[in-house]
Amino acid sequence: MKRILWGGATAASQYEGGFYDGKGLDTQDCRRWVPRLSTDTVQTRLLTEADVQRAKNSFPDDCSFPFRMGSRGYEYWESDLHNIMSLGLDIYRLSISWSRLFPTGFEEQPNPEGVAYYDRIIRALVNAKIKVFVTINHYAIPIAIIDRYGGWRHRDVIDLYLKMAKFVVNRWRDDVDYWLPINEINSGYFSPYNGLGIIGSDDRNYDYESVFNGLHYQMVASALITKYGHETGVRGKFVCMVSCFNYYALHPRPEDNLKLVHDEQINQWWCADVLATGEYGYYAEKFLNDHGVVLDVTDKDREALMSHTCDIVSFSYYSSSICSVDEKREQVPGNLVATLRNPSLETTEWGWQIDPIGLRIAAHKFFDRYRKPVMVAENGLGARDNVDSDGRIRDDYRISYFERHMAQAELAAREGVDIEAYFVWGIIDIVSAGSCEMEKRYGVIYVDADNEGRGTYRRLPKDSFYWYRDFIASHR
Ligand code: BG6
């Protein structure tokens, strides 16, 4: 059985802060800003130049805004890497901030300060013999692209993405072990603003045409950067990633099980099928027709998707989901979408259902479907932590969560699933992507900051830090 790489992950917009040194505004920087513009019209219009100026002018007075502070990783990266090294991680997953390299997305040359920042981090990881996993784009899209194109709803965004992605792949071509073109590519379906930069598609007014074309353009862009990497002999492997929901039927009745099949097809497999097999699932045509969507697919798109599929499939896993034709059941929150309550599971403080065995089931499903190595790209527990008077953070709840989930990943590997790597999400405390708060903590390293950006930003190892360190050492 091959050894699983034990890792940790962060995302630029949630970790870095550093809203200076040439970084441009991106969709994450403006998340809180957008709703403030107007209470009811904002969902249906694009940002204007005046809006952007107001957002820019709000810094630094408004620097308490969590995403603009992140964990201040732009300043603390060196000591963070030092901690990561003492943890003994096999692999570290970081993301590149698009608007730090290309502030508006339209520049021809990258911002040298941004390049130097990632040079330093990647060099330090390579020197420490920690494998490097680079997410080329994790949610944050330059606001100028939203202004001009309304996000990924426009085909031209493929070229803007490719300019940035080719620069990234070329620059660190000998240093990076794994490349992920786009984080949780199916998230655009559930969260069009985060995933695709599409404003104006919400629960009440869901714009299937823009969303499914946006997803298509993202998948073509992923295939084209994979093609570029493969054809230019880049060392690292190319990974695709979706958010995993792992549905169970509420009842054994056939209707619930049929719904399970359909829900997984659209919510979970849609993008993974295209990126791992090169073509849309057999079920896609009916779904698109039913929703009146005409996909803008060219012969060149088809060729790119088919000839350059991913080398590895990955998924984020936080909980399993329940589906039923009976919609009046109690709902609970989850990553990206709410689901029905599973009476046999406990929940986190944020109401997400905890299901370690679900991770093992999901690993089987992914491997069985694609027969490519599988990565658990994210897994972790968002919880409130307390620093005790002796300076210790006794997060035994997080240790228990990891123990149970990692054990299931190992069992899946023993049962024959080819598991390449497992990543603790938010290895260091970062701002939550979903609820935009610092106090929902995932890390094994604590960051002393609250939701308003108050605090020293001092780093402290939690009890889970020592537990994970020993776990990794005992798996060498
Ligand atoms: C994943 C995202 O969906 O879930 C991360 O890739 C995110 O960016 C993670 O942080 C956990 O979600 P949240 O909302 O608790 O931060």
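Heads up: numbering here begins at 1 and tracks the sequence. Whatever order the structure lists ligands and atoms in, that order sets their numbers, starting from 1.
In this structure, K440 places its NZ atom where more than 12 heavy-atom neighbours from other residues, nucleotides or ligands lie under 6.0 Å away.
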Sequence neighbours excluded and cut-off under 3.5 Å, please list the side-chain donor-acceptor pairs for residues 80-87, or say none.
residue, atom, partner, partner atom, Å
D80, OD1, R459, NE, 2.8
D80, OD2, Y15, OH, 2.6
D80, OD2, R459, NH2, 2.9
S86, OG, H82, O, 3.0
S86, OG, N83, O, 3.2

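Without hydrogens or angle criteria, H154 side chain to G150 main chain gives no donor-acceptor distance under 3.5 Å.
Contact shell of ligand 1 (protein heavy atoms, cutoff 4.0 Å): Q14, H138, Y139, N183, E184, Y318, N335, W352, E378, W425, S432, A433, G434, K440, Y442.
With respect to Y161, the side-chain contact (heavy atoms from CB on, under 4.5 Å) criterion is satisfied by exactly one of I225, L224, I145: I225.
For K259, the salt bridge (charged side-chain N to carboxylate O under 4.0 Å, His left out) partners two or more places apart in sequence, or in a different chain, are D263. Partners of D355 according to the side-chain hydrogen bond (donor to acceptor under 3.5 Å, both in side chains) rule, which considers only residues two or more places apart in sequence or in another chain, are Y248, S320.
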